[in-house]
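These notes concern the structure reproduced below.
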Protein chains: 2
Amino acid sequence: MKRINSNDIAQLAGVSRSTVSRVINGYSNVPEETRRKVMKVIKEHHYYPLISGQLLTGKKTKTLGLFWLGRAAIARDSLTSSYFMHVIDAAAQRGYLVLSCILDNLTEKHNINYVRKIFMEGRIDAGLFVGTSNNEPLIEELVGLDKIVGLFDFYHENEDVPNRLSVNFDRDSGEATIDYLYALGHRKIAVIDGDLSRLSCIHRHESYMRGLIKHSLPLQNKWMAYGGIVKESGYAAAKQMLSACMDDLPTAICANNDGVAFGVYQACEELGLRIPEDISVIGADGHENGKYTNPPLTTYSFDFKEMFASLVNRVIDTVEQKDNIPQSDFIPGHLVERASCRKIELL
Amino acid sequence: MKRINSNDIAQLAGVSRSTVSRVINGYSNVPEETRRKVMKVIKEHHYYPLISGQLLTGKKTKTLGLFWLGRAAIARDSLTSSYFMHVIDAAAQRGYLVLSCILDNLTEKHNINYVRKIFMEGRIDAGLFVGTSNNEPLIEELVGLDKIVGLFDFYHENEDVPNRLSVNFDRDSGEATIDYLYALGHRKIAVIDGDLSRLSCIHRHESYMRGLIKHSLPLQNKWMAYGGIVKESGYAAAKQMLSACMDDLPTAICANNDGVAFGVYQACEELGLRIPEDISVIGADGHENGKYTNPPLTTYSFDFKEMFASLVNRVIDTVEQKDNIPQSDFIPGHLVERASCRKIELL
DNA sequence: CTGAAAGCGCTTACAG
DNA sequence: CTGAAAGCGCTTACAG
């Protein structure tokens with residue numbers, strides 16, 4: 001059974017292929033009657049033009065690539081499913097589809113070729129990258145080839161490159177977290193940093209430090225650790241840090257993100273430290289599971305839906321050659337107070 | 001800057017487009033020296049043939065559609081991120097990409113047209129559906145149009161339709177669950193069913209009933225409820241059921257899936273019932289979060305990675321016109337014993 | 001072993 | 001307002 005094409009539709013409707021095409025593409029110079037006649041045949045046969053033909057004439061794919069870096073983090077983090085959904089929804093909103101790839105990194109030859117191929121074969125109008133580390137030559141190459149690229153949490157000072165868009169966490173989350181703890185009376189505050197090859201982790205680290213300095217609080221090595229970005233690494237870092245300073249414990253721990261905070265919970269449990277009675281814990285992200293931990297996790301929360309929508313919309317605006325598109329967007333977060341931080345009575 | 005095409009490559013390499021194409025497609029009748037000469041130019045210019053041109057000559061898209069039904073369930077369930085990953089990984093394994101869509105249902109006109117369009121426009125070689133309910137006319141239409149369709153948890157007795165593939169949960173999970181509880185000494189067993197428009201929920205219900213009957217246990221209305229498939233609905237069902245039979249509580253509750261079991265946990269907590277001391281709870285699925293609940297959830301677990309790999313591979317085999325492809329596959333689950341079911345001393 | 005030619009399904013100036 | 005023609009980038013019989 002041969003597939004029906006625009007020629008067949010034209011014949012059935014008694015017009016030329018040109019007219020069929022004009023109707024499909026909504027040209028204004030088609031009289032209402034002709035349009036109706038052609039549409040009738042199109043509907044009857046469930047005819048849709050093949051994109052392969054359309055693409056060859058310069059139409060867009062109306063497809064975004066979504067390149068997800070870091071398989072391990074994805075597998076372990078349930079926030080991720082909502083990320084996927086946010087991207088797909090935001091794109092669908094604008095009539096775009098999403099082609100998803102999961103890759104461990106963007107440095108292995110094999111992965112580089114894979115991504116490059118998807119761009120060069122003309123499968124997508126633009127590509128979104130999530131989980132990039134701070135230096136990605138492939139992305140610069142693609143930008144140089146005039147490919148449109150959207151980056152989550154990957155800011156470039158250079159804003160003169162209109163085909164490189166980004167969305168970022170605000171840069172004050174760390175400071176705001178410290179402010180909150182300070183106001184509760186905490187003076188001995190530990191910080192567990194994330195993966196410092198990621199932009200947001202660097203910014204948050206710097207912001208924590210600004211907060212500590214602002215309040216003239218001590219920056220002590222024994223109260224600092226690198227906790228990665230997942231529960232397991234957060235657990236290991238917290239366990240080691242706390243074990244080493246049991247004689248002089250901090251009264252509060254800032255975890256670079258909620259996954260790490262869950263690891264801190266586990267470490268505290270094993271060390272017999274009650275949260276928040278013995279030690280307060282505060283995270284960052286706004287992870288869904290934070291509502292259900294015991295105690296529920298106080299955290300500096302971000303609206304990921306908003307973040308992805310901002311990125312997707314500006315990328316699509318760029319594809320559609322709109323004007324005055326902001327290249328970067330820093331999304332503000334806000335404190336979500338639950339039950340993992342307690343007030344300290346000051347003497 | 002114009003894009004380089006096969007003509008340019010041909011000129012640069014001093015051959016015809018035909019030969020360039022032969023090299024790219026790995027034809028055997030190209031002498032090694034010519035091949036090398038052409039490949040050199042191709043590599044140098046990072047040339048990749050546009051798929052639009054290739055498709056028009058009958059090549060496949062090497063892309064699978066993934067149609068995800070039921071936005072609400074996705075948003076709430078963190079298992080979902082691993083589902084996405086399993087599909088994308090299994091497809092990538094075979095050199096296929098995945099185009100993902102999220103839809104509330106397959107019944108609204110708008111959604112039907114959306115899915116139909118993606119198939120008809122030639123964007124994908126086959127489509128996978130997850131979260132379908134038991135009767136989906138659109139799927140039958142697509143099957144009738146010779147589209148290749150892969151269904152998760154949606155079995156058809158009629159196995160004579162080679163372009164309709166499915167993967168399913170084994171049909172003994174309910175019975176095995178009852179067997180387990182019976183062996184622990186439980187005689188008063190409640191069942192919270194899922195969404196009976198889904199095949200697996202029906203099968204599991206029937207299987208629970210078989211188990212109860214086999215052991216001559218009472219099928220009591222007061223110990224039966226419909227709990228949907230997410231935590232919230234499971235909570236509501238359990239709360240209502242338990243509140244209504246506080247004078248004669250079951251000693252164990254079977255939850256249709258783990259999400260529902262988490263709802264049961266919440267209901268029990270509110271009613272002051274300790275798990276497993278006062279009441280045992282067992283789930284089904286093997287949800288990652290079940291490890292972290294208090295107490296950790298005993299459940300009848302399935303390997304979703306295996307399930308999706310089975311479906312993806314058989315769908316791709318069908319696309320590639322291999323022979324003797326099983327249309328359905330029932331994947332066996334197994335009991336994962338954690339701490340939510342206790343032994344009952346029999347008098 | 002290899003090139004010239006036809007053709008895939010569409011859209012879009014062009015001409016009328 | 002509308003049709004005939006050209007062209008997009010590829011692959012594949014066909015002929016030599």
Side-chain angles (χ1 to χ4, degrees), chain A residues 1-39 41-42 45-63 117-125 145, chain B residues 1-39 41-42 45-63 117-125 145:
Chain A
M1 181 180 72
K2 225 194 117 313
R3 181 186 168 278
I4 201 164
N5 62 23
S6 70
N7 236 326
D8 302 324
I9 299 294
Q11 289 198 319
L12 288 166
V15 296
S16 71
R17 288 145 75 211
S18 317
T19 299
V20 171
S21 182
R22 284 189 195 100
V23 169
I24 285 173
N25 292 290
Y27 279 37
S28 56
N29 56 353
V30 181
E32 195 46 38
E33 198 193 346
T34 310
R35 179 182 307 279
R36 233 193 311 265
K37 186 172 63 179
V38 174
M39 277 312 288
V41 180
I42 287 175
H45 292 77
H46 287 324
Y47 168 73
Y48 294 88
L50 286 187
I51 42 155
S52 42
Q54 293 185 307
L55 292 181
L56 239 24
T57 69
K59 297 223 157 182
K60 302 287 184 185
T61 61
K62 291 234 163 196
T63 302
K117 184 163 185 266
I118 291 171
F119 273 90
M120 302 300 275
E121 287 183 335
R123 290 178 177 273
I124 55 177
D125 297 332
L145 289 167
Chain B
M1 183 179 67
K2 226 192 117 312
R3 182 187 165 277
I4 200 163
N5 63 20
S6 69
N7 236 326
D8 302 324
I9 298 293
Q11 290 199 318
L12 288 166
V15 296
S16 71
R17 287 146 74 211
S18 318
T19 300
V20 171
S21 182
R22 284 190 195 100
V23 169
I24 285 173
N25 291 290
Y27 280 36
S28 55
N29 56 354
V30 181
E32 194 46 38
E33 197 195 345
T34 310
R35 180 182 306 280
R36 228 187 322 256
K37 186 173 61 179
V38 174
M39 278 311 289
V41 179
I42 288 176
H45 293 77
H46 286 325
Y47 168 72
Y48 293 88
L50 284 188
I51 44 155
S52 44
Q54 293 184 306
L55 292 180
L56 239 24
T57 69
K59 297 223 156 181
K60 302 288 184 183
T61 62
K62 291 240 167 190
T63 302
K117 183 161 184 266
I118 291 170
F119 272 91
M120 303 300 274
E121 286 183 334
R123 290 178 178 271
I124 55 177
D125 297 331
L145 289 168

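Everything numeric here is computed off the predicted structure, so don't read it as measured data. Every chain is numbered from 1 and lettered A, B, ... according to where its sequence line falls, protein lines coming before strand lines.
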For this session: Assign each of Thr34(B) and Gly53(B) to its nearest nucleotide of DNA chain C by heavy atoms, then name whichever residue's nucleotide is nearer the 5' end.
Result: Thr34(B)
For this session: Compare all side-chain heavy atoms of Tyr27(B) with those of Ser21(B) and state whether any distance is below 4.5 angstrom.
Result: no
Exercise. Does dA15(C) pair with anything, Watson-Crick or G-U wobble, both distances under 3.5 Å, and if so, with which nucleotide?
Worked result: dT2(D)
Exercise. Do Thr34(A) and Arg22(A) have a side chain donor and acceptor closer than 3.5 Å?
Worked result: no
Exercise. Less than 4.5 Å apart, any side-chain heavy atom of Thr57(B) and any of Lys59(B)?
Worked result: yes
Exercise. Is Thr19(A) touching bases, backbone alone, or none of the nucleic acid, heavy atoms closer than 4.0 Å?
Worked result: sugar-phosphate
Exercise. Does any non-hydrogen side-chain atom of His46(B) lie less than 4.5 Å from one of Phe119(A)?
Worked result: no
For this session: Would you classify Asn7(A) as touching base, sugar-phosphate or nothing, given that sugar-phosphate means primed atoms plus P, OP1 and OP2, and contacts are heavy atoms under 4.0 Å?
Result: nothing
Could you pull out every donor-acceptor pair under 3.5 Å between side chains of residues 10-19 of chain B and any protein atom, sequence neighbours left out?
unit_1   : atom_1 : unit_2   : atom_2 : d
Ser16(B) : OG     : Ser18(B) : N      : 3.4
Ser16(B) : OG     : Thr19(B) : N      : 3.4

For this session: Assign each of Tyr27(B) and Val30(A) to its nearest nucleotide of DNA chain D by heavy atoms, then name whichever residue's nucleotide is nearer the 5' end.
Result: Val30(A)
For this session: Select base, sugar-phosphate, or nothing to describe what Asn5(B) touches, counting heavy atoms under 4.0 Å on all strands.
Result: sugar-phosphate
For this session: Would you indicate whether the side-chain heavy atoms of Leu145(B) and Met120(B) approach each other to under 4.5 Å?
Result: yes
For this session: Go through DNA chain D in 5' to 3' direction and return only the first and the last nucleotide with some atom under 4.0 Å of chain B's heavy atoms.
Result: dG9(D) to dA13(D)
